[in-house]
Amino acid sequence: MDKAVQEPDLEETGAVHVPGTDSWVMEWPESGRSYRIMAAVPAEEAPPEGFPVIYLLDGDSCFAMAVETLRLMTRKPHGYDPAILIGIGYPAGMDASKERFLDYTTPAEESMLPKRGDGSPWPAVGGAEAFLDFITGGLKPLIARRYPVNARRQSLFGHSLGGFLALHALFTRREEFAAYVAGSPSIWWADRVLLQEEEVFRQQQSEAAGDNGSGPPAQLFIGIGELEKGHRSRMWENAEEMAERLSSRPPAGLMTTFGRFEGDGHVSVIPALISKGIRIALSKSHDERGRII
């Protein structure tokens, strides 16, 4: 007869905690909206120029994953230099899906949007400018006051609607970040309004270059999962087209790279995008075309 297995004594210690992190709720008086801010700050002393900063949209779902990825990728002696990671989420956590529809989108009439898969009406949309005002006018200055940051090495990461917002921020507020990561961007939004924004951006950059421009080029990475090809939203095709537009006729002051992730879909591609985004944010080497390697 088999002997009964004796269970070991277990001491419950509560929920898993992500070491080296902090969080707080921040209200933005301009809109009356509140955000849950998550911060991971290196334990070591900052370099004289300060730490690079990565701003991560959809922080409620992606922050813990990104923290551990960043920790591994900055482990010495072979890792990148350390950086601060700032996740932006909501007090309600991942239950706040309607909030991101408002914050991550530009205005759009119902006729400009496809029918939703479950047949439900679209929630409130079109708050991108107010949300970017919060990031640039409220959050970034706060982070600069609280931590030693390198103002010239700041990055914005977004996926899906967050990828749309990253591209919109690049095209309308290019000087705010040194690098932009747009994963599986929802370029389909509002009858592909981003294509119009890209044309305006291109003209503005050309005029700025004529006035001798300013500073090093911004870096843009657009990434997409292989299994997103053929989706009714044309996620793959739109991302590929946007990357081709920006690569074949590069706007002055912008270096664009495009990545296809084999075997990944819209959600499974997120870990790979986070890894790539960190690499882009922290790399200092470039190839002969100025792209991060």
Side-chain angles (χ1 to χ4, degrees), residues 16-23 37-89 135 139-140 143-144 146-159 162-163 166 176-184 215-225 255-264 267-293:
V16 175
H17 174 68
V18 181
T21 65
D22 193 11
S23 70
I37 306 303
M38 295 151 269
V41 182
E44 54 263 65
E45 183 177 351
E49 67 275 14
F51 291 119
V53 186
I54 302 170
Y55 287 89
L56 178 73
L57 303 178
D58 284 316
D60 295 308
S61 58
C62 296
F63 180 71
M65 182 194 319
V67 168
E68 296 306 332
T69 303
L70 177 63
R71 203 187 311 275
L72 289 171
M73 293 181 67
T74 55
R75 180 180 293 174
K76 295 303 181 183
H78 304 297
Y80 294 107
D81 291 338
I84 294 172
L85 177 69
I86 302 297
I88 307 172
I135 294 176
L139 181 58
K140 285 181 66 181
I143 298 305
R146 295 187 66 159
Y147 308 113
V149 307
N150 186 336
R152 295 189 176 186
R153 295 186 66 194
Q154 304 199 52
S155 307
L156 180 65
F157 176 99
H159 170 260
E176 288 293 337
F177 299 95
Y180 296 80
V181 178
S184 304
Q219 300 286 337
L220 168 65
F221 176 75
I222 299 175
I224 194 78
M255 297 294 178
T256 301
T257 51
F258 181 57
R260 307 168 181 83
F261 294 89
E262 184 177 353
D264 279 315
V267 176
S268 67
V269 75
I270 294 174
L273 287 168
I274 288 175
S275 176
K276 182 69 174 182
I278 291 172
R279 179 182 174 190
I280 287 174
L282 303 185
S283 291
K284 296 180 180 179
S285 299
H286 303 77
D287 66 13
E288 68 279 0
R289 294 179 60 189
R291 298 174 302 186
I292 289 174
I293 57 175

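The first residue of the sequence shown is numbered 1, and numbering continues consecutively from there.
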Review point. Which heavy atom in Pro42 sits nearest to a heavy atom in Ile84, and how many Å separate them?
Key: CD-CG1, 3.8 Å
Review point. Nearest 0.5 Å, what's the NE2-CD1 distance between His159 and Ile270?
Key: 4.5 Å
Check your understanding: Taking all atoms of both residues into account, what is the closest heavy-atom pair of Ala281 and Arg153, and its distance?
Key -> O-NH2, 3.6 Å
Check your understanding: Do Ser268 side-chain atoms and Asp264 backbone N/O form a donor-acceptor pair below 3.5 Å?
Key -> no
Exercise for review: Determine whether Val181 and Ser155 make a side-chain contact, defined as any pair of heavy atoms from C-beta on separated by less than 4.5 Å.
Suggested key: no
Exercise for review: Determine whether Ile274 and Met65 make a side-chain contact, defined as any pair of heavy atoms from C-beta on separated by less than 4.5 Å.
Suggested key: yes
Review point. Are side-chain heavy atoms of Thr257 and Leu220 found at a separation under 4.5 Å?
Key: no
Practice item. Given side-chain contact (heavy atoms from CB on, under 4.5 Å), test Val18 with Arg71 step by step and report yes or no. Key: CA-CA 11 Å; Val18 181; Arg71 203 187 311 275; 4.1 Å; yes
Review point. So how far is it from Ile54 CD1 to Ile86 CD1, rounded to the nearest 0.5 Å?
Key: 10.0 Å
Point to revise | Shortest non-hydrogen contact between Gly223 and Phe261, atoms and distance | key: CA-CE1, 4.1 Å
Check your understanding: Quick one: are Tyr147 and Val53 in side-chain contact, heavy atoms under 4.5 Å?
Key -> no
**Study point:** Non-hydrogen side-chain atoms of Phe221 and Leu273 separated by less than 4.5 Å
**Key:** yes
Check your understanding: Which pair of heavy atoms, one from Ala83 and one from Leu70, lies closest together, and at what distance?
Key -> O-CD2, 3.7 Å
Check your understanding: If you round to the nearest 0.5 Å, how far is CD1 of Ile222 from CZ of Phe258?
Key -> 7.0 Å
Check your understanding: Is the number of heavy atoms from other residues, nucleotides or ligands within 6.0 Å of CZ (Arg146) greater than 12?
Key -> yes
Study note, to complete from the structure: Residue set satisfying side chain to side chain contact (heavy atoms under 4.5 Å, CB included) with Ala46, at least two apart, ordered chain then number -> Phe51, Pro148
Practice item. For Met38 and Asp60, run side-chain contact (heavy atoms from CB on, under 4.5 Å): C-alpha distance rounded to whole Å, both residues' side-chain angles, the deciding distance at 0.1 Å, then the answer. Key: CA-CA 9 Å; Met38 295 151 269; Asp60 295 308; 3.9 Å; yes
**Study point:** Side chains of Asp81 and Leu282 in contact at under 4.5 Å (non-hydrogen atoms)
**Key:** no
Point to revise | Beyond-backbone contact of Ser184 with Val269, side-chain heavy atoms, under 4.5 angstrom | key: yes
Review point. Looking at residues at least two apart in the chain, or sitting in another chain, which of them share a ring-ring contact (aromatic ring centres under 6.0 Å, His included) with Phe157?
Key: none
Check your understanding: Quick one: are Pro82 and Glu44 in side-chain contact, heavy atoms under 4.5 Å?
Key -> yes
Exercise for review: State the CZ-OG1 distance between Arg279 and Thr69, to the nearest 0.5 angstrom.
Suggested key: 14.5 Å
Revision key, fill the gap. Distance col, row Ile135:CD1 vs Ile143:CD1, nearest 0.5 angstrom, shows 11.0 Å
Check your understanding: Could you state the interatomic distance from CG (Leu72) to CD1 (Ile278), rounded to the nearest 0.5 Å?
Key -> 9.0 Å
**Study point:** Salt-bridge criterion met for Lys140 and Glu176 (N-O under 4.0 Å)
**Key:** yes
Check your understanding: Does NE2 belonging to His78 count more than 12 external heavy atoms closer than 6.0 Å?
Key -> no
